[in-house]
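Pasting a structure below so you can have a look.
Just so you know, residue 1 is the first one in the sequence shown, and it goes up from there. What's counted below: heavy atoms across the whole structure, side chains too, no hydrogens, waters or symmetry copies. Numbering of ligands and ligand atoms starts at 1, following listing order.
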Amino acid sequence: MAKIQSIRGMPDVLPEASALRLWVEDRLRGVLDRYGYQQVRMPLLEATALFARGVGDGTDIVEKEMYSFDDRSGESLTLRPEGTAGCVRLCEEHGLLYNQTQRLWYQGPMFRYERPQKGRYRQFEQLGVECFGFPGPAIDAELLGLCSDFWAALGVSDALTLELNTLGSPEARAHYRDALLAYLRPLASQLDEDSQRRLERNPLRILDSKAPETQALLEDAPTLEGSLDAVSREHFDALRRYLDALAIPYVVNPRIVRGLDYYTHTVFEWTTTALGAQGTVCGGGRYDGLVERLGGRPTPGIGFAMGLERLTLLAEAQGLGPVLDGNLDVYVLALDEAHTAQALALGHQLRQALPRLRVQVHCSEGKAKARFKKADASGARYALILGDAEVSQGTVAMKDLRAREGEQRTVALATLIDQWRADYGAEGP
Ligand code: HAM
């Protein structure tokens, strides 16, 4: 029978790659902790209408990338393509936005039916941050400072550039949309195919088209800058002052419009040239109208999300990652089946007494020689061996698997645990 394969664009993560991912995630969480952000967990499935309304009908995501289906009761559900809409829903549903501010984060898989390539998948993982209830630009700066601390914690700061823009207030954005449409309509036939499709539904997206013929036409297009009102301008100027105070370098890129409909004022992307075409590692911005659009009271919001696969690829490309010292300290083996119970009990006892000690017990069958081979291959520092003599005397044979001559000595169990405690502290090595 033919073997069943994984689904295109939904990669498996094997143990070694997973160790690097855990290393990345540990560092990111450490930074979130130091900023006092709190985690939320949303379900993977939401009502399709949440994304149609939240992310926007005219976006690529809603038009052609969502995994939607009717469940058994005929309700249309969608595997989340992003986390912001779901996070707003969660906050509204549980009253987290009433008269209070929130600084939240989440992590997990997102699903988009995109054309898979390196750094772009149909199931990918995001770590996202969302803040609510802060109208002023200080939180915009805090979030960019948080990002900058993420990159420092990973050691990838030099590979990333912050690209910043403002879309202005919803009114300024609408005004600019009209101006851009008026300019582009007569040129419609000269635009690339994707941009022609976007023209009436989402003209701002044309600004980040990669097609050279479209980019050439855009050179004389009206700029968003020209549509900005005084309040939008002041918000952006203040943010730039705060970034200078934090010594965070950035470039203003008026072409950054982002692919989701909910943004207002500040938008940003952290990009790298080290990953080829999929160089945007993190993107986000302010979305002051979204809570209202999803049925809540007007509440300012701002956030970002980063692709953990892209970030991990970047760390890997820079030669960063955990110092891999095997995943075991101790391998416990009985010399034959008769002492399996004692070996299991010893493993259990060691894990209880020394919580940091990484212990594995031999669970296969086979002759003593095969058991020693397994111990050697395990990568553990020590083998603890139980034969007839040891079991009858309440001792264990201890072999240093990394010593040349493989010296072996007999130790009483209590002494062993006490010795490790004395050497490494109460928790063990
Ligand atoms: P986004 O720009 O669509 O924004 O995605 C954020 C990040 O997720 C991207 O910069 C990229 O690193 C990663 N990403 C997106 N699509 C893929 C893919 N197909 N494969 C691998 N990685 C991918 C959002 O999702 C917004 N919800 C961010 C946000 C939060 N804005 C405000 N709050």
With heavy atoms and a 4.0 Å threshold, my read on which part of P81 contacts ligand 1 is neither
In R258, R112, R198, the residue satisfying salt bridge (charged side-chain N to carboxylate O under 4.0 Å, His left out) with D60 is R198
Honestly, for R120 the part within reach of ligand 1 (heavy atoms, under 4.0 Å) is both
Notebook entry, point to check: Which residue supplies the protein heavy atom nearest to atom 10 (O) of ligand 1, what is that atom called, and how far is it?
Noted result: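 It is T280 O, 3.3 Å.
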Determine whether any heavy atom of C282 lies closer than 4.0 Å to an atom of ligand 1.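 It does, in that a heavy atom of C282 comes within the 4.0 Å cut-off of ligand 1.
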ask   = Any heavy atom of R122 sitting closer than 4.0 Å to ligand 1?
value =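 Contact check R122 vs ligand 1: negative.
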- Query: Do R381 and Y331 meet the criterion of a side-chain donor-acceptor pair at a distance under 3.5 Å?
  - Reply: no
* Verify the distance criterion only: is there a donor paired with an acceptor across the side chains of D194 and S209 at less than 3.5 Å? =>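 Distance-only check fails for D194 and S209.
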task: Could you verify whether a donor N or O on one side chain and an acceptor N or O on the other, from T84 and Y262, lie under 3.5 Å apart?
output: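 The answer is yes; a qualifying pair exists.
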Requested in this report: Report the nearest protein non-hydrogen atom to atom 7 (C) of ligand 1: residue, atom name, distance rounded to 0.1 Å.
Outcome: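 For atom 7 (C) of ligand 1, the nearest protein heavy atom is A305 O, 3.5 Å.
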Per-atom filter on ligand 1: closer than 4.0 angstrom to a heavy atom of G284 are 31 (N)
> For residues Y121 and E114, is any side-chain donor paired with an opposing acceptor at under 3.5 Å?
Replying inline: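 Checked: Y121/E114 side chains show no N/O donor-acceptor pair below 3.5 Å.
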Under a 3.5 Å threshold, yes or no: a donor from one side chain and an acceptor from the other, between T59 and D261?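 Note: T59 and D261 side chains miss the donor-acceptor criterion.
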So, does Y262 sit close enough to ligand 1 that a heavy atom of it is under 4.0 Å from the ligand?
yes
If we number the atoms of ligand 1 from 1 as shown, the ones under 4.0 Å from a heavy atom of L260 are 3 (O), 4 (O)
**Study point:** Protein heavy atom at shortest distance from atom 8 (O) of ligand 1
**Key:**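 Looking at atom 8 (O) of ligand 1, the protein heavy atom closest to it is Q126 NE2, 3.2 Å.
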>> Do Y35 and D149 pair up side chain to side chain, a donor and an acceptor below 3.5 Å, judged on atom types alone?
In response: yes
Check your understanding: What are the two closest non-hydrogen atoms of D229 and S169, and how far apart are they?
Key ->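 Between these two residues, the closest heavy atoms are OD2-OG, 2.9 Å.
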Next item on the list: Would you tell me whether D140 and H265 have side-chain atoms, one donor and one acceptor, within less than 3.5 Å of each other?
Entry: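 The answer is no; no qualifying pair exists.
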Atom 19 (N) of ligand 1 - nearest protein heavy atom and its distance:
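Result: E114 OE2, 2.7 Å.
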| message | Quick test: of every protein heavy atom, which one is nearest to atom 33 (N) of ligand 1, and how far off is it to 0.1 Å? | response |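 Of every protein heavy atom, E130 OE1, 2.8 Å lies nearest to atom 33 (N) of ligand 1.
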### Query
What's the shortest distance from atom 20 (N) of ligand 1 to any protein heavy atom, and which residue and atom give it?
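Closest protein heavy atom to atom 20 (N) of ligand 1: Y121 N, 3.0 Å.
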Quiz item: Counting both backbone and side chain atoms, is some N or O of T84 under 3.5 Å from an N or O of ligand 1?
Solution: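 The answer is yes, given that T84 and ligand 1 share an N or O pair closer than 3.5 Å.
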Note to self: Between ligand 1 and V281, is the shortest N or O to N or O distance under 3.5 Å?
What the structure shows: yes
Practice task
Assess the side chains of Q215 and R255: does a donor N or O sit below 3.5 Å from an acceptor N or O?
Solution key: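 Their side chains do contain a donor-acceptor pair, which is all the 3.5 Å distance test asks for.
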Y263, F304, Y287, F124: member with heavy atom nearest to atom 31 (N) of ligand 1: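 Looking at heavy atoms only, Y263 sits closest to atom 31 (N) of ligand 1.
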For atom 21 (C) of ligand 1, closest protein heavy-atom neighbour:
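Ranking protein heavy atoms by distance from atom 21 (C) of ligand 1, first comes G119 O, 3.3 Å.
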Smallest separation among heavy atoms of L104 and C91, with atom names: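 Minimum heavy-atom contact is CD1-SG, 3.6 Å.
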Note: heavy atom closest to atom 1 (P) of ligand 1, options E82, R258, Q123, R286, belongs to R258
Donor-acceptor side-chain pairing of Q107 and R29 below 3.5 angstrom:
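On atom types as modelled, these side chains qualify, holding a pair under 3.5 Å.
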Any idea which of A85, G303, G307 brings a heavy atom closest to atom 32 (C) of ligand 1?
->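 It is G303 that holds the nearest heavy atom.
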